[in-house]
Protein chains: 2
Amino acid sequence: MKTKPAAISPLEAHLGYWLRFVSNQVSHSFSLKLAERGVTVAEWVVLRELFECAAMAPSALAERIGMTRGAISKLADRLEAKALLTRTISDEDRRYQALAVTAKGRALLPKLAALADQNDAAFFGHLSAAERERIKSAMCEIVRRHGLKAVPVD
Amino acid sequence: MKTKPAAISPLEAHLGYWLRFVSNQVSHSFSLKLAERGVTVAEWVVLRELFECAAMAPSALAERIGMTRGAISKLADRLEAKALLTRTISDEDRRYQALAVTAKGRALLPKLAALADQNDAAFFGHLSAAERERIKSAMCEIVRRHGLKAVPVD
DNA sequence: TATTGTTATACTCTATAACTATA
DNA sequence: TATAGTTATAGAGTATAACAATA
């Protein structure tokens, strides 16, 4: 009985629109903070991920983060130039590399993590812990359902 | 009494990380769908926003969407080339322009909106309506708190 | 002089695919 | 030939700032 088809849903009807909007702002804000330390968001993700393990191959890292090998290669270039990361060619199979965070990188990481904490708090600090957890779970579940690469479910 | 400082929070500790991860996937998936119609995500946003009003100045649109005038200018170029949008210079003040969606653009919009609906459903359809609304409200609240440009709270 | 819109420039991120070197 | 990593190319998105036209 609708007189108008209402075929054209508004932008704000889509959850994807809101996520993109907020996410862009959060990431942009974070990127400004990181810029003071001379690092980009993608670089932070790589460094943080490498920090866990002693060393990791570029291809493994690429899969884990959900990036292409080419992208990792370029990021590694930049991080190497900043002396935050080293490449070491394997002796056994010289096609393999081991990426590792340098001492300088390890010294820098806590500061970057503090910026990440600070940025997250600025945007989501007003939410209750339960609410944050709820949203996080929802996002995590979406990642799982869609079989997205990096399922870093902690 | 902590033995370890635990100073370095993991990536997954941050809600911003999850939002960025999911949002990137959702947007990418949407961009693939839109590509079949020869449109990008940013172009969809512009078209959808212009669709509401008869016409709008680039600067007003820029503020509403949260983009720079330069970005709008480039988008308008592309949309004009695709005959989805027109620029009309004001007679009163020749610095002003009116951007408007063409008939072709109006014909295309329902199809794009359907893709948006479809994409949103693919990622968020498994959530209850209440849960979706909850997350949407949270995002909306964040936008409001941070006084972000486009507050299309509808 | 202030404002509107355009243009030039640049950089990040991403993806594809051709390429090199190893095996 | 198969794999690991690199490089070239491209395009979207974004931002800054210089610029032209107009008021």
Side-chain angles (χ1 to χ4, degrees), chain A residues 20-21 23-35 38-46 55-82 85-99 148-150, chain B residues 20-21 23-35 38-46 55-82 85-99 148-150:
Chain A
R20 174 167 160 274
F21 198 94
S23 169
N24 283 348
Q25 299 289 340
V26 173
S27 287
H28 183 242
S29 164
F30 188 30
S31 75
L32 293 180
K33 290 188 171 72
L34 286 176
V39 172
T40 68
V41 174
E43 288 168 7
W44 147 254
V45 171
V46 165
M56 203 174 195
S59 55
L61 183 62
E63 190 173 0
R64 187 148 166 66
I65 300 183
M67 294 173 72
T68 62
R69 286 178 302 160
I72 293 290
S73 187
K74 283 205 300 183
L75 279 171
D77 283 345
R78 295 206 315 246
L79 289 168
E80 202 176 21
K82 291 173 188 169
L85 172 149
T86 57
R87 285 174 159 116
T88 310
I89 294 176
S90 164
D91 286 334
E92 301 175 359
D93 185 338
R94 303 191 46 209
R95 288 175 304 183
Y96 284 77
Q97 281 183 8
L99 300 181
L148 306 177
K149 313 93 184 176
Chain B
R20 175 167 160 274
F21 197 96
S23 169
N24 284 349
Q25 299 289 341
V26 173
S27 286
H28 183 242
S29 164
F30 188 30
S31 76
L32 293 180
K33 290 188 172 72
L34 287 176
V39 172
T40 68
V41 174
E43 288 168 7
W44 148 253
V45 171
V46 164
M56 201 174 196
S59 56
L61 183 61
E63 190 172 2
R64 187 148 166 68
I65 301 183
M67 293 174 71
T68 62
R69 286 176 302 159
I72 294 289
S73 187
K74 282 206 302 183
L75 279 171
D77 282 347
R78 295 204 316 245
L79 289 169
E80 202 176 20
K82 292 172 189 169
L85 171 150
T86 56
R87 286 174 158 117
T88 310
I89 294 176
S90 164
D91 285 335
E92 300 175 359
D93 184 338
R94 303 193 47 210
R95 289 174 305 181
Y96 284 76
Q97 281 184 7
L99 301 181
L148 305 178
K149 313 92 184 176

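These values consider heavy atoms only, across backbone and side chains, with no hydrogens, waters or symmetry-generated copies. A note on names: the letters A, B, ... follow the listed sequences, proteins ahead of strands, and every chain is numbered from 1. Values in this document were obtained by computation on a predicted structure and should not be read as measured data.
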Tell me every residue that passes side-chain contact (heavy atoms from CB on, under 4.5 Å) with B/T68, counting only those two or more places apart in sequence or in another chain. B/A71

Whichever of A/R78 and B/K74 has its nearest DNA chain C nucleotide further upstream toward 5': B/K74

Distance, rounded to the nearest Å, where A/H28 contributes NE2 and C/dT12 contributes P: 13 Å

Considering heavy-atom distances to DNA chain D, does A/S59 or B/G70 have its closest nucleotide positioned more toward the 5' end? A/S59

Contacts of type side-chain contact (heavy atoms from CB on, under 4.5 Å), residue A/K74, not counting sequence neighbours: none

Apply the test side-chain contact (heavy atoms from CB on, under 4.5 Å) to residues A/L75 and A/M67: give CA-CA distance (whole Å), side-chain angles for both, the deciding distance (0.1 Å), then the verdict. CA-CA 11 Å; A/L75 279 171; A/M67 294 173 72; 3.3 Å; yes

For A/A42, answer base if it contacts any base atom (sugar-phosphate contacts may also be present), sugar-phosphate if it contacts only those atoms, and nothing otherwise; contact means non-hydrogen atoms under 4.0 Å. sugar-phosphate

In whole angstroms, how far is the C1' atom of C/dG5 from the CD atom of B/E80? 13 Å

Starting from C1' on D/dT14, measure out to CZ on A/R20 and report it in whole angstrom. 12 Å

For a quick test of reading the model: is some side-chain N or O of B/T40 closer than 4.0 Å to OP1 or OP2 of D/dG11? no

When you measure from the side chain of B/S73 to the backbone of B/G70, do you find a donor-acceptor pair of N or O atoms at a distance under 3.5 Å? no

Can you list the residues that meet the salt bridge (Lys or Arg N to Asp or Glu O under 4.0 Å) rule with A/R78, with sequence neighbours excluded? A/E43

Atom CG of B/N24 and atom P of C/dC13 are separated, to the nearest Å, by 11 Å

Rounded distance in Å - CD1 (A/I72) to P (D/dG5): 10 Å

Applying side-chain contact (heavy atoms from CB on, under 4.5 Å), can you list everything that pairs with A/T86, at least two apart in sequence or on another chain? A/T88, A/A100, A/T102

Euclidean distance, atom CD1 of residue B/I65 to atom P of D/dT14 [Å, nearest integer]: 10 Å

Just how large is the angle between the end axes of the helix from C/dT1-D/dA23 to C/dA23-D/dT1, five pairs per end, to 10 degrees? 30°

Round to the nearest Å and state the distance from B/I89 atom CD1 to D/dA21 atom P. 12 Å

Taking atom P of C/dA2 as reference, at what distance in whole Å does atom OH of B/Y96 sit? 16 Å

Who are the salt bridge (Lys or Arg N to Asp or Glu O under 4.0 Å) partners of B/R94, not counting sequence neighbours? none

By the 4.0 Å heavy-atom rule, please label B/A76 as base, sugar-phosphate, or nothing. nothing

With sequence neighbours left out, what residues match B/N24 under side-chain contact (heavy atoms from CB on, under 4.5 Å)? B/R20

For A/R87, which residues count as a salt bridge (Lys or Arg N to Asp or Glu O under 4.0 Å) partner, sequence neighbours excluded? A/D77, A/E80

N/O-N/O pairs, protein side and nucleotides 18-23 of chain C side, under 3.5 Å:
residue, atom, partner, partner atom, Å
C/dA23, OP1, A/R94, N, 2.9

